[in-house]
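Report on the following structure.
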Amino acid sequence: MTDSAENTGDVFSPKNIPIEPLISSEELAKLRKTNISLENRNYELRETVRQLRLQMVSVESERDQFRREARKYKNEIQQMKTPPLVMGSVEMLLDDGRVVVRSTTGPQFLSNVAENVDRSLVIPGAQCALHPQSFVLLEVLPRKYDAAVSTMEVEEAPDVVYSDIGGLKTQINLLREAIELPILKPQLFEKTGIEPPKGVLLYGPPGTGKTLLAKAAAHETQAVFIRVVASELVQKYIGEGARLVRELFSLARERAPAIIFIDEIDAIGSSRSVDAYSAGDHEVSRTLMQLLAELDGFNARGNVKIIAATNRLDVLDKALLRPGRFDRIIEFPLPTKEERKTILSIHTKKMHLAKDVDLGLLAEETEGFNGAELMAVTVEAGMQAIRHNRSTVRAKDFTEALSAVKRGREQPEARELPPGMYL
Ligand code: ATP
């Protein structure tokens, strides 16, 4: 039977069974399409998630920044609400741990010291901050010089040289020996076994070159130049002037070699009168005493030299003039005729002078003039030339300048000068 079935072709075979497709080709195409669109959608959604995550990170960092700003403003508001601390300086330490502090506004307080303050820093003279109500010492401030003292320091060495000074030969030699030698050649003093000079006092009428010479000494030694007008040391509150003097010397010691130039020393160095009862007079004499202590060298002075200047030697306290304070007291007289000629030639060095200008004659006509007035004559002569549209200065410009300066000397109120110009 099997053979006949094979022969006839009706034999059962799986190859011959017609397979009915499960889904139609249209449906398959549709499903494929749906699948693609779902995959696209999936991709889109993943992308959106990624974007949102990125946004979240940036929003979170923005939030953190706002939080930080909010904290900063809260602190600022807090700081604005808290009253400022009172500044003072420690004067005395008591055995029971309390301290006597003088506030910068004047009064003294017996204060406790806050727990967190490092006790080793609480020493007499230390600057501190006090609570405004309880006056408890809250903080010891870092060592800093008073702004008034630090601004006295002249950063650059002055550019005045000895050849810019007319006459004053003896004064220059005396000053060089007393100020320059100890700074530039200290070994000479060591070898000879003598103490190097500490300072000099220059006195004489105004405008005779005292400041000029001090500047030249600073230039020559390349020392730090600290210039102070003594009246700046007179302060409103008790003890402040003395503190400034202390700080001035300690700044100079720190920056050594240094030259302290105290101009118009008579403002604090005038004789202490017995009937100086006012608080102001006491404060001035306290400042002077501190200056004397510094001059005496209670504190090692190091390579610091002092040049003081005054127009009024007669009013100075004897204590300032006694030996041991200033090693040399140098007089600056008005210039002689020859010196006046040299000063005039120094100040006309850069000017174009006409042939008719005779500086010798001008020196004769300027009897009694100081260096500053001689300089004023040359400047005014130059101004006359400018007014006449010339760059060469003629003899007649000097004649006019001379009479203008003379008029100014005789009647200071009748000076015929353009506003802003002083002779
Ligand atoms: P004061 O006592 O008023 O402070 P001073 O004696 O310190 O006066 P200086 O400031 O040195 O006088 O001088 C003022 C100006 O006068 C100087 O800048 C300088 O131009 C001129 N001068 C004074 N003396 C001389 C001089 N001997 N040689 C050259 N210029 C001088």
Side-chain angles (χ1 to χ4, degrees), residues 152 154 156-176 179 199-220 225-233 259-270 305-316 320 326 328-351 353 359-360 362-363 366-383 398 401-402 404-406 408-409 412 421-423:
M152 290 168 188
V154 178
E156 286 157 36
D159 55 1
V160 180
V161 290
Y162 288 122
S163 57
D164 290 336
I165 303 170
L168 303 176
K169 291 278 171 282
T170 330
Q171 288 82 350
I172 293 177
N173 283 338
L174 288 173
L175 194 86
R176 292 187 82 162
I179 303 292
V200 293
L201 174 66
L202 317 179
Y203 75 95
T208 42
K210 300 182 288 294
T211 313
L212 202 64
L213 197 47
K215 281 185 183 168
H219 177 88
E220 211 65 30
F225 191 62
I226 301 172
R227 183 175 196 269
V228 49
V229 179
S231 52
E232 289 171 21
L233 297 172
I259 293 177
I260 302 180
F261 178 65
I262 309 175
D263 207 357
E264 293 167 25
I265 194 166
D266 42 291
I268 55 164
S270 299
K305 303 287 163 229
I306 299 122
I307 304 179
T310 178
N311 301 327
R312 301 286 315 271
L313 189 70
D314 53 319
V315 299
L316 280 196
L320 263 178
F326 290 107
R328 284 187 174 163
I329 299 181
I330 307 174
E331 186 187 358
F332 280 62
L334 286 173
T336 60
K337 193 178 109 188
E338 264 320 296
E339 287 172 340
R340 286 197 299 275
K341 190 176 168 194
T342 329
I343 297 174
L344 284 169
S345 61
I346 288 171
H347 289 294
T348 50
K349 205 165 49 188
K350 289 185 188 156
M351 291 163 85
L353 297 184
L359 293 183
L362 208 58
T366 45
E367 176 75 48
F369 275 44
N370 60 35
E373 285 167 330
L374 292 171
M375 185 188 71
V377 171
T378 58
V379 173
E380 183 54 18
M383 289 306 295
F398 276 99
L402 194 60
V405 176
K406 274 188 178 159
R409 276 165 68 100
M421 254 201 83
Y422 301 93
L423 289 182

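Note that these values count all heavy atoms, side chains included, but never hydrogens, waters or copies made by symmetry. Whatever order the structure lists ligands and atoms in, that order sets their numbers, starting from 1.
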Review point. In order of chain and number, which residues sit within 4.0 Å of ligand 1 by heavy atom?
Key: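 Near ligand 1, by chain and number: D164, I165, G166, L168, P206, G207, T208, G209, K210, T211, L212, D263, N311, I343, H347, G371, A372, M375.
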**Study point:** Validation row: F369, L344 side chains within 4.5 angstrom (heavy atoms)
**Key:**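 In short, these two side chains do not touch, never coming nearer than 4.5 Å.
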Point to revise | T378 side chain near F398 side chain, heavy-atom distance below 4.5 Å | key: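 Yes, side chains in contact.
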Exercise for review: Without swapping roles, check the side chain of N370 against the backbone of P206 for a donor-acceptor pair under 3.5 Å.
Suggested key: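 Judged by distance alone, yes, a pair lies under 3.5 Å.
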Review point. Between the main-chain N or O of V377 and the side-chain N or O of E380, is there a donor-acceptor pair closer than 3.5 Å?
Key: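 Between the backbone of V377 and the side chain of E380 there is no qualifying donor-acceptor contact (under 3.5 Å).
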Check your understanding: So which heavy atom on L202 is nearest to which on K210, and how close?
Key ->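 Heavy atoms of L202 and K210 come nearest at CD1-O, 3.7 Å.
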Point to revise | Residues which pass side chain to side chain contact (heavy atoms under 4.5 Å, CB included) with Q171, listed by chain and number, not counting sequence neighbours | key: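 Only L168, L213, I330, F332, P333 meet the side chain to side chain contact (heavy atoms under 4.5 Å, CB included) criterion with Q171.
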